[in-house]
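Have a look at the structure below before the remarks.
Per chain, numbering begins at 1; letters A, B, ... match sequence-line order. Any value given below was found using the heavy atoms of this structure, including those in side chains, with hydrogens, waters and symmetry copies removed.
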Number of protein chains: 2
Amino acid sequence: MRPVPASPPFEFCQYPPPEVGYKVTSCWDGTGGLRVLLIEDDVALGEAVRDHVAGGAHAVDWMKTIDTAASALSTTGYGLVLLDLRLPDGSGIALLKDIRARGITTPVIILTAHDQISDRIEGLNSGADDYLVKPFNLGELTARMLAVSRRYEGRPVSLVRIGDLEIDAAERRVSSAGEAIALSGREWAVLDTLSARPGAVVSKAQIEEALYAFGSEIESNTVEVYVSRLRRKLGRDQIATLRGVGYRLGRER
Amino acid sequence: MRPVPASPPFEFCQYPPPEVGYKVTSCWDGTGGLRVLLIEDDVALGEAVRDHVAGGAHAVDWMKTIDTAASALSTTGYGLVLLDLRLPDGSGIALLKDIRARGITTPVIILTAHDQISDRIEGLNSGADDYLVKPFNLGELTARMLAVSRRYEGRPVSLVRIGDLEIDAAERRVSSAGEAIALSGREWAVLDTLSARPGAVVSKAQIEEALYAFGSEIESNTVEVYVSRLRRKLGRDQIATLRGVGYRLGRER
DNA sequence: TGGCGACTTTCAGGCTGCTGTCAGGTTTCA
DNA sequence: TGAAACCTGACAGCAGCCTGAAAGTCGCCA
């Protein structure tokens, strides 16, 4: 995997999640390629696909079991999934149905030796975007990957990961260690402000500006109160205080 | 407020363009099927495809020349195009490149006898979404049509499962814990809107847009009422309220 | 054509939980 | 050690939401 730059620009997606906050705005690898998850247990085929796809300047994570693939996908950071149907520890179709049912919309192309028409139809109806039968031509695979992913492009994604905290601004979702957390309007506004520039310190004044219309007179310690409420929900040390300066998302190092 | 007629169902698209007051969410034929443009000069194959696709409750316009197809496409009212590459009066690839250059994004599936890998790659790279080589299975064609069109609509799956709730948009069916649930037209419209992008927050305004003619004045809390009724039928916590923001399918924590 | 039932819309009153404020406590730093 | 900065539990007020009821609308059928 390519090294992760230590500073912005943020517009790429990280997997596995980085320690410090990165803003994820799309499922590209930061250099113009797609970030691809390859789920395949056949070593020879997996190597061929990985080398070809990566050679086309895409970033490929290769996983060989349902189990690891499922946990990787739960973090929704991929632009495309290449899925072998027959895996040693379970069915690819079950995995596909499961991730679709969980609302994960990442495009999926099935790569398989199953060549019955009924298999193809089942695969596509289970939520796959395309279906390629082995043996296939690697050039065609790339063309189909691009065909599928250009449909997926342009969807609004804005995901920020900081430690085990995941903030999806587009979907207005927060989770801590995989657990969804419900926030009120003001709580969300504060968190949203803090996550707008991950890693940066945000002053109380900036948060107040985000919370209230310009010119509003706020005389109390509202920001402190909401930070306190957020900490209670997200975990005490997910928001660091910089005395006299402001707040920052993430644990102090 | 001017209601949309209760039947046929709401999730349709009108072609030619509807009168003011009808919601156009996609290029459906008004009865739940896709509006399909078939561009094919082979009479036997064309008839087979038309009959099969139309038999699957889709509306099919069949054109046999580049010329008529191009003018039909310029009005962009189709949900899907099935394109034969070799036509008597020109190249399907040229037509495809032309409509893409004109910004028409309607999904295109190429149906062709050209089975060289290079042909497939050229077709996909020219803007096609899928590529089926003759002879093909008509069931697979339908599955691919649905896969492509649901992606086009930003609706990655027609079947959504959230917890023990199962919503099949294509079949217009809902079940909770395996038990079928009957919904009225408006109830379905609200649920359909909520399930179009599983996991996303849907504002009251968006739901109202789905229910009522454009420009209608909002005078009451109709959306709240239907959410309340849906909850009574589906289960209290199947729809989460995000105060001041909207609603979302699924339980909130 | 009229009656019927299912569906839709509106309304009002009640309820929930969000919000801003404050006070008293804790932490940090000079 | 004192002052400043920050934290947090509690609470009243209220906006936003929920829901039962009733009136209105529509399609169906005899």
Side-chain angles (χ1 to χ4, degrees), chain A residues 172 174 181-194 201-213 215-248 252, chain B residues 1-10 21 23 172 174 181-194 201-213 216-248 252-253:
Chain A
R172 202 182 186 280
V174 193
I181 293 166
L183 296 183
S184 78
R186 284 278 191 264
E187 287 163 359
W188 171 259
V190 171
L191 183 63
D192 194 38
T193 308
L194 287 172
V201 181
V202 183
S203 71
K204 282 194 201 180
Q206 285 175 296
I207 298 175
E208 254 164 28
E209 264 175 44
L211 286 181
Y212 304 100
S216 300
E217 297 274 320
I218 298 298
E219 295 154 16
S220 73
N221 60 343
T222 315
V223 172
E224 289 169 19
V225 171
Y226 278 106
V227 168
S228 167
R229 286 175 186 161
L230 277 174
R231 280 176 174 149
R232 185 165 26 187
K233 289 188 173 181
L234 305 178
R236 186 150 303 278
D237 53 357
Q238 299 281 23
I239 302 173
T241 301
L242 285 94
R243 223 180 149 76
V245 184
Y247 299 94
R248 171 163 63 196
E252 277 313 88
Chain B
M1 183 176 293
R2 172 137 123 65
V4 172
S7 110
F10 306 104
K23 181 197 168 197
R172 201 185 185 281
V174 193
I181 293 168
L183 296 183
S184 76
R186 284 278 191 270
E187 287 164 357
W188 170 258
V190 171
L191 184 62
D192 188 46
T193 309
L194 287 172
V201 183
V202 183
S203 71
K204 281 194 202 180
Q206 286 175 292
I207 299 175
E208 257 156 20
E209 263 175 44
L211 287 180
Y212 302 103
S216 299
E217 298 270 320
I218 304 313
E219 299 155 11
S220 75
N221 60 345
T222 314
V223 172
E224 289 169 19
V225 171
Y226 279 105
V227 167
S228 168
R229 292 199 182 135
L230 279 174
R231 280 178 175 146
R232 196 181 325 173
K233 289 187 173 182
L234 306 178
R236 183 156 184 75
D237 52 357
Q238 300 281 24
I239 302 173
T241 300
L242 286 95
R243 257 174 177 257
V245 183
Y247 299 94
R248 168 155 64 199
E252 206 68 13
R253 248 146 306 164

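Under the 4.5 Å side-chain criterion, counting only non-hydrogen atoms from C-beta, B:V227 is not in contact with B:T241. Between A:V190 and A:L211, the closest side-chain pair of non-hydrogen atoms falls below 4.5 Å. Put simply, the side chain of A:L183 does not reach to within 4.5 Å of the side chain of B:L242, judged on heavy atoms.
Listed pair B:T241 / D:dC18 meets the phosphate criterion, a side-chain N or O lying under 4.0 Å from OP1 or OP2. For C:dT8, neither phosphate oxygen OP1 nor OP2 lies less than 4.0 angstrom from any side-chain nitrogen or oxygen of B:T222. Side-chain N/O atoms of A:R229 include none lying less than 4.0 angstrom from OP1 or OP2 on D:dT8. For A:S228, no side-chain nitrogen or oxygen approaches OP1 or OP2 of D:dG9 to under 4.0 Å. Under 4.0 angstrom from either OP1 or OP2 of D:dC18 there lies no side-chain N or O belonging to B:Y226.
Both B:G244 and B:R232 lie near DNA chain D, and the one whose nearest nucleotide falls closer to the 5' end is B:G244. For A:G185 and A:V225, each mapped to the nucleotide of DNA chain C holding its nearest heavy atom, the one lying further toward the 5' end belongs to A:G185.
Between A:E224 atom CD and D:dC7 atom P there is a gap of 6 Å when expressed in whole angstrom units. One atom, NZ of B:K233, and another, C1' of C:dA6, lie 10 Å apart when rounded to the nearest Å. Atom-to-atom, CD of B:E187 to P of C:dT9 comes out at 12 Å; the value is rounded to the nearest Å. For A:K204 and D:dA4, the NZ to P distance is 15 Å, given to the nearest whole Å. Nucleotide C:dT19 holds its C1' atom 14 Å from the CG atom of A:L230, rounded to whole Å. Between the CG atom of A:L242 and the P atom of C:dT27 there is a distance of 18 Å, given to the nearest Å. Nucleotide D:dG16 holds its C1' atom 5 Å from the CZ atom of B:R243, rounded to whole Å. Taking atom CZ of B:R231 as the reference point, atom P of D:dC17 lies 10 Å away to the nearest angstrom.
Note that the CD1 atom of B:I207 and the OH atom of B:Y226 stand 13.0 Å from one another [nearest 0.5 Å].
Closest non-hydrogen pair, A:E208 versus A:V223, comes out as CG-CG2, 3.7 Å.
Residue-to-nucleotide contacts include no donor-acceptor pair under 3.5 Å from the side chain of B:R186 to the base of D:dT25.
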